[in-house]
**Q** 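This is the structure I have questions about; it appears just below.
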Amino acid sequence: MNSQWKKFRSKYLLISILISFVITCFISLLPFGTDDCKCEECKTHSKENYLKPIISSHGWKPSQKFDHHLAILVPFRDRFAELLSFAPHMKQFLDKQNIHYHIFILHQIDKFRFNRASLINVGFIHVKNEFDYIAMHDVDLLPMNDNLSYKFPNVGPYHISSPNLHPRYHYSTFIGGILLINRNHFMLVNGMSNKYWGWGLEDDEFYVRLKEAKLKVHRPNNVSTGTHNTFKHIHDKNHRKRDMAKCFNQREVTRKRDRQTGLNNVLYNIDDVVNITISNVSMTILNIALICDKSITPWCECTKTNEIIYQGIKERKEAVDDETQDHGVESRKNYN
Ligand SMILES: *[C@@H]1O[C@H](CO)[C@@H](O)[C@H](O)[C@H]1NC(C)=O
Ligand SMILES: *[C@@H]1O[C@H](CO)[C@@H](O)[C@H](O)[C@H]1NC(C)=O
Ligand SMILES: *[C@@H]1O[C@H](CO)[C@@H](O)[C@H](O)[C@H]1NC(C)=O
Ligand SMILES: *[C@@H]1O[C@H](CO)[C@@H](O)[C@H](O)[C@H]1NC(C)=O
């Protein structure tokens with residue numbers, strides 16, 4: 001009697017443990033409350049919600065009559081003269097196309113070297129609930145041909161300043177200058193790498209991200225102008241020295257595809273959001289202080305003592321040609 005009772009009790013115990021285990025597992029799989037939890041795991045669970053297009057509620061202008069909202073993200077430091085030309089030009093150019101847009105000046109205010117890609121990541125995070133596509137836009141490149149379309153890039157990223165139109169860069173995998181990409185595609189590739197402090201190559205790494213995600217880059221095909229008259233390049237080479245220095249192992253690291261950093265781990269503070277109007281164009285300045293993890297990218301500061309001089313890496317073209325091989329871009333044929 002007693003031993004039977006013991007047997008029954010242990011069986012009962014075992015079954016209860018099993019049942020509660022199953023219930024716990026089941027509950028942990030339910031998507032409850034994932035929106036406001038902080039852990040990494042939950043973030044991936046809530047991705048589905050995150051991807052739904054959110055149409056502007058407060059908006060910059062009454063925007064109900066527009067299907068799409070473009071955030072023009074302009075990485076920026078010390079380019080006020082260029083901005084004075086850029087703002088009115090873009091307004092005049094885009095108003096003709098009936099595009100609903102707002103310009104965000106991504107102003108890097110920390111003391112580290114310029115980081116165009118991280119600024120774009122930060123700008124994207126700031127605008128992603130209200131805008132469903134972005135233009136990564138150089139401040140010194142003004143579109144002159146009205147056939148250059150800034151409409152929503154549905155099927156894939158749209159490279160406006162294509163190599164056959166850009167005044168300076170003509171290699172076929174070039175996607176810098178001006179690139180339109182929709183929110184879902186930018187999130188799909190985890191944005192841009194945060195490892196590019198100093199000038200150049202972040203756009204080539206981004207090209208490899210798009211390629212790996214099988215996102216085909218589209219380009220203008222009805223433009224009769226060429227490299228000298230499609231854009232106005234308001235860049236003064238003599239006054240604007242590019243920060244081409246390479247420190248520590250920067251050169252090796254930045255010539256490889258980065259699987260470590262991106263939209264999900266860009267480190268920053270936005271110190272201030274300022275509204276500014278230049279010739280009737282209202283824009284928003286984000287004062288962004290990037291944070292550098294020196295264990296990953298010690299070259300965010302590059303002093304003369306730890307700078308490494310590579311002879312012959314003066315021109316971007318040379319650096320990029322072997323660059324694309326290092327990135328594993330074997331074929332450029334299926335690319336137009
Ligand atoms: C040129 O191509 C763009 C993009 O396909 C299109 O939006 C625009 O209407 C075209 N322009 C003309 C004049 O056909
Ligand atoms: C714009 O596109 C149209 C239609 O394809 C073409 O006829 C025209 O030449 C283009 N204009 C310019 C300035 O590129
Ligand atoms: C900037 O402008 C936006 C849109 O008009 C407005 O919502 C926001 O409150 C303004 N911010 C400041 C600091 O004035
Ligand atoms: C600015 O806006 C005012 C009022 O809408 C208008 O009269 C003026 O012409 C505009 N100025 C420019 C430079 O567009």
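These numbers were taken from a predicted model, which means no experiment stands behind them. Order of listing sets the numbers, starting from 1, for every ligand and every atom in it.
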**Q** In plain terms, say whether R209 and D258 are close enough for a salt bridge, that is, a side-chain N and a carboxylate O under 4.0 Å apart.
**A** yes
**Q** Hey, does the side chain of E82 reach the backbone of D138 with a donor-acceptor pair shorter than 3.5 angstrom?
**A**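 Absent.
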**Q** Pick out which of V139, D110, I109, L106 makes a side chain to side chain contact (heavy atoms under 4.5 Å, CB included) with R77.
**A**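 Per the side chain to side chain contact (heavy atoms under 4.5 Å, CB included) rule, the option paired with R77 is D110, out of V139, D110, I109, L106.
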**Q** Can you tell me if N182 uses its side chain to pair, donor with acceptor, with the backbone of Y133 under 3.5 Å?
**A**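 Pair absent, no side-chain N/O of N182 close to backbone of Y133.
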**Q** Relative to the heavy atoms of S224, which atoms of ligand 2 are at a distance of less than 4.0 Å?
**A**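 With S224 as reference, the close atoms of ligand 2 come out as 9 (O), 11 (N), 12 (C), 13 (C), 14 (O).
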**Q** Could you tell me which residues satisfy side-chain hydrogen bond (donor to acceptor under 3.5 Å, both in side chains) with D271, sequence neighbours excluded, listed by chain and number?
**A**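 With sequence neighbours excluded, D271 shows a side-chain hydrogen bond (donor to acceptor under 3.5 Å, both in side chains) to no residue whatsoever.
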**Q** Does the side-chain contact (heavy atoms from CB on, under 4.5 Å) test come out yes or no for H166 and F174, once each step is laid out?
**A** CA-CA 10 Å; H166 193 281; F174 173 66; 3.7 Å; yes
**Q** Write out each pair where an N or O from ligand 1 and one from the protein are under 3.5 Å apart, with the distance.
**A**
{"unit_1": "ligand 1", "atom_1": "2 (O)", "unit_2": "N222", "atom_2": "OD1", "d": "3.2"}
{"unit_1": "ligand 1", "atom_1": "2 (O)", "unit_2": "N222", "atom_2": "ND2", "d": "2.4"}
{"unit_1": "ligand 1", "atom_1": "7 (O)", "unit_2": "K151", "atom_2": "NZ", "d": "2.9"}
{"unit_1": "ligand 1", "atom_1": "11 (N)", "unit_2": "N222", "atom_2": "ND2", "d": "2.9"}
{"unit_1": "ligand 1", "atom_1": "14 (O)", "unit_2": "N222", "atom_2": "ND2", "d": "3.4"}

